[in-house]
Amino acid sequence: MAFWQNWYNAQGGAGAASAHFPDGSFLFAPDQEESLAQFIDSALADSSALAEEALDSAVLLGNLRGNVVGLRYYTGVVSKNEMVALQREPRNAHDSNAIRVNNINGDQVGHLRRQLAAALAFILDNKLARIEGLVPYKVNNKFTMPVQLSFWAPEAQRAAVLSHLQQHGLNLAPPTQGAGVWRARAGPSYRAPSHQPVHMTAEQLKSEFDKIFEDIKEDNKTAEMEPAPAVRTALLPHQKQALAWMVTRENNWELPPFWELRGGLYHNLLTNFTQSQRPDSVHGGILADDMGLGKTLSTIALILSNFHGGRPLPVERSTEEGAEVVDKAPVSPPLHTLLVQLEQFEQHMDPGVQLRRCLYYGPNRPRDPDFLSQQHVVLTTYTTLTTEHGVKGVSPLQAVLWLRVVLDEGHTIRNPNTRQTRAALALKAQRRWLLTGTPIQNSLQDLWSLVSFLKLKPFTERQWWHRTIQRPVSLGDEQGLRRLQGLLRNITLRRTKNSQVRGRPVVTLPRRTLCLQHISLCEEERQIYQAIMDEGRSTISRYLREDSMMTHYADVFAILVRLRQLCCHPHLTARTPPAGATTEELRAKLVRKMKMVLSCGVDEECAICLDSLRLPVITHCAHVFCRLCICQVIQQTNARCPMCRAEVRAGQLVECSPGETDSTPAESTRPAWVSSSKVDALMLSLIEIRRQDPNIKSLVVSQFTAFLSLIEIPLRAEGFSFVRFDGSMSRSRRAKTVSSFQSCSPASPTILLLSLRAGGEGLTLTAASRVFLMDPAWNPAAEDQCFDRCHRLGQTRDVIITKFIVKDSVEENMIKIQHRKRDLAIGAFAAKSHSEVTKARVDEIRTLIDL
DNA sequence: ACCGCCGGGTGCC
DNA sequence: ACCGCCGGGTGCC
């Protein structure tokens with residue numbers, strides 16, 4: 001119960017309403033939906049009014065009694081204490097105010113009485129409040145039934161809601177009173193919000209989340225299972241546990257969590273919904289082991305061990321008499337497994353296994369459904385899945401009923417509003433698995449899409465998740481927390497690096513040491529740096545005075561990137577295109593500048609999702625966002641740029657994919673090679689390492705891919721054997737690079753030049769035991785993930801990480817900000833206003849250049 | 001009786 | 001709906 005105790009403590013400390021919560025961070029800030037709500041005045045379309053994003057800051061205004069009428073015309077049934085949903089019907093031929101009432105299944109129960117609907121339609125249409133229904137008791141009559149309506153709204157809208165109701169002669173019953181009555185009936189939680197939403201740091205949230213799993217003793221998750229002979233790699237004990245758990249879950253025919261059989265009917269304990277049809281069992285779950293514990297291997301073992309009908313895939317071995325089939329299980333199952341972004345399949349498999357598998361991505365993917373249906377395993381990517389989703393004609397992926405779908409890096413479907421998530425949710429499969437080391441990133445909201453993917457009734461609909469779990473938990477309700485625990489214990493398996501198996505740590509990793517190596521720029525470098533710094537500081541202080549930092553963001557951004565580049569190497573600096581005279585030219589100049597800066601391979605964050613840029617695009621006003629994020633904004637009417645509030649249009653977006661447009665600075669006019677203080681420091685270390693032990697391998701990491709290109713020159717000159725891995729490389733090229741680096745052959749390269757963000761969680765580079773981080777990142781988590789590529793299962797040496805930081809520079813200030821971000825308590829559930837986020841950014845920029 | 005009262009027809013939005 | 005509401009029939013005690 002430590003989870004909710006801390007929860008209460010945390011809220012006692014934070015106290016004030018979310019709007020006043022101090023925040024200097026756009027790093028661990030709440031996730032995409034909340035941020036969107038702050039940036040965009042109009043909420044996303046949502047049938048139940050009041051966008052989901054605003055829900056976390058909503059409070060219970062009060063309750064109202066009403067009636068549902070017209071029951072005899074509809075089939076939807078409702079039992080005692082059951083939740084119902086309200087749905088506006090503006091096109092109803094009889095009454096444009098019509099509000100329909102549905103049960104959990106989405107079946108219509110009836111309508112709200114006309115006079116009541118006349119008062120409430122306005123509130124719903126203008127998203128003044130969210131109105132939730134609960135039918136308090138079973139009625140014997142076929143015509144009407146009572147309904148308790150609860151009004152939830154942000155505090156700021158309370159007055160507007162109450163006065164509107166007053167105009168229609170309606171008064172809300174105070175929440176405590178109403179809530180008490182319903183609680184006494186042991187109904188769903190309608191408990192009054194006696195607590196403000198709870199504030200926790202993202203780190204606290206994650207650690208509390210992990211505590212949910214610590215108490216698991218009674219759960220049958222410690223049984224181990226031997227994998228099928230087709231699995232070549234030996235499994236560690238915790239991986240055998242994962243295998244056993246996954247097989248049990250796949251073959252499980254128990255009722256899903258929160259359902260029970262009552263007098264021949266199936267009853268949902270959270271919503272009190274009852275149905276005669278048996279709800280589908282959950283044949284799958286979330287494997288949420290920490291990065292590096294071998295989720296991929298466990299899953300491959302699952303596929304081969306629970307291949308068909310609870311039996312493993314046979315292995316054919318050639319003996320003296322000929323081929324011998326070890327097991328007579330059916331070789332061709334009627335259904336197949338779809339793997340999204342799961343790699344390393346081959347390396348864990350016995351070569352004698354007869355498994356038909358195909359890769360389904362790239363322009364020449366085998367679209368023939370007949371061919372696909374002959375495969376045992378189909379491997380695809382999120383990009384392909386998303387591309388094919390929703391295009392006219394049926395995508396072969398969407399057409400197939402899969403035996404099993406596995407989403408690797410499953411947290412990528414965290415945002416329910418992206419096409420990628422919708423594409424993943426639309427897959428039809430009997431067994432569904434989601435692999436992720438970070439099931440929760442920022443808030444509980446992150447979990448909904450993941451749970452929804454498992455097709456767990458009634459959580460496939462957002463409002464039931466919100467009403468029964470997310471909101472109670474965020475209000476500090478103990479019952480809500482128990483529900484969350486119950487659910488997670490049922491559908492997820494999570495072990496951290498600190499977990500124990502059979503009394504021993506799940507993994508014992510070699511030591512990992514981080515050392516900051518401070519670099520002093522040489523006289524010449526310092527002069528250049530200081531000149532640019534002085535110029536930049538005066539420009540930025542002018543913007544500060546004019547309060548126009550955000551409209552000149554591209555400029556500011558370019559200055560900062562330039563300074564960071566100067567810390568690395570003077571030749572890295574992108575040159576500014578010539579200034580134009582008219583506003584239009586100036587705008588074009590800014591866009592070009594942004595494009596050029598991004599093309600250096602710099603790692604910037606998107607102001608909407610607050611994560612690293614994915615598929616970056618530049619707006620007309622020269623701000624950069626993920627394509628998917630800004631496209632969502634553009635779908636709004638009167639869409640405005642979240643950074644500067646200028647108008648944004650889809651047609652004016654400029655593509656800029658860092659990988660593709662990577663430009664080694666001025667290839668044609670490249671000056672003669674000169675080193676830099678940082679490069680010197682790197683080379684000294686590398687040469688010393690080679691002298692001490694030529695077998696030691698190193699990762700050389702930078703965010704600037706152009707810097708990696710520069711580093712190639714001295715590496716070559718000193719006779720180092722190296723390879724390079726960055727985002728612009730094709731899938732097959734990456735695979736070749738990794739296997740050549742990981743290989744223990746004497747010809748194998750000893751250095752890997754690595755772009756900080758390239759590759760996913762699964763990128764394993766355990767051959768290296770030294771890491772040189774050439775430049776600090778905004779996001780310390782990005783650095784950690786990068787270090788984990790070599791400091792993970794399979795690493796045999798102690799790992800030493802060297803982080804180069806130029807003294808008295810923007811880099812040192814970045815480190816300060818990193819520390820501040822780590823320490824800062826930010827509201828995991830708190831909403832932040834546009835102005836707060838902007839202010840935080842401005843403050844950060846001031847810190848960076850000592851203003 | 002320009003009322004009251006009765007009892008039948010009727011019924012979401 | 002074992003209601004409310006409507007509108008027609010009806011009319012001292």
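Naming convention: chains lettered A, B, ... in sequence-line order (proteins, then strands); numbering from 1 in each chain.
- Comparing the same atom, P, in dA1(B) and in dC5(B) gives a spacing of 15 Å after rounding to whole Å.
- Judged by distance alone, the side chains of Gln87(A) and Asn102(A) do bring a donor and an acceptor atom under 3.5 Å apart.
- The aromatic ring of His94(A) stacks onto the base of dC13(B), its centre lying under 5.5 Å from the centre of the six-membered base ring with the two planes under 30° apart.
- Between the P atom of dC13(B) and the CD atom of Gln87(A) lies a distance of 17 Å, rounded to the nearest Å.
- Ionic pairing of Asp280(A) and Lys457(A) is not present here: no N-O contact between side-chain nitrogen and carboxylate oxygen is shorter than 4.0 angstrom.
- A straight line from CZ of Arg114(A) to P of dC5(C) spans 16 Å, rounded to a whole angstrom.
- For dG4(B) and dG11(C), the C1' atoms lie 9 Å apart once the distance is rounded to whole Å.
- Taking atom OH on Tyr74(A) and atom P on dC12(B), their separation rounds to 9 Å, with Å as the unit.
- To the nearest angstrom, C1' of dC3(C) lies 17 Å from CE of Met145(A).
- Spacing between atom CG of Asn141(A) and atom C1' of dC12(B) amounts to 13 Å, rounded to whole angstrom units.
- One interatomic measurement links the two molecules: CZ of Phe143(A) to C1' of dC12(B), which rounds to 12 Å at whole-angstrom precision.
- Checking dC12(B) for Watson-Crick or G-U wobble geometry (two distances, each under 3.5 Å) identifies no partner in any strand.
- Glu82(A) and Ser79(A) form a side-chain donor-acceptor contact under 3.5 Å, judged by distance and modelled atom types alone.
- As rounded to whole Å, 13 Å separates atom C1' of dA1(C) from atom CG of Asn67(A).
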Polar pairs (N or O, both sides) under 3.5 Å between protein and nucleotides 9-11 of chain B?
none

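- With hydrogens and angles disregarded, no donor-acceptor distance shorter than 3.5 Å links the side chain of Arg432(A) to the backbone of Lys455(A).
- Residue Leu71(A) is out of contact with every strand shown, counting any heavy-atom pair closer than 4.0 Å.
- Inter-residue side-chain proximity for Leu385(A) and Leu427(A) is flagged as met; some heavy-atom pair is nearer than 4.5 Å.
- Seen from the ring of Trp402(A), Arg431(A) does not count as a face-on cation partner, given the 6.0 Å and 45° thresholds.
- Remark: Arg649(A) engages Glu647(A) in a salt bridge, criterion side-chain N to carboxylate O under 4.0 Å.
- Nucleic acid contact for Asn92(A): base, since at least one base atom lies under 4.0 Å from a heavy atom of the residue.
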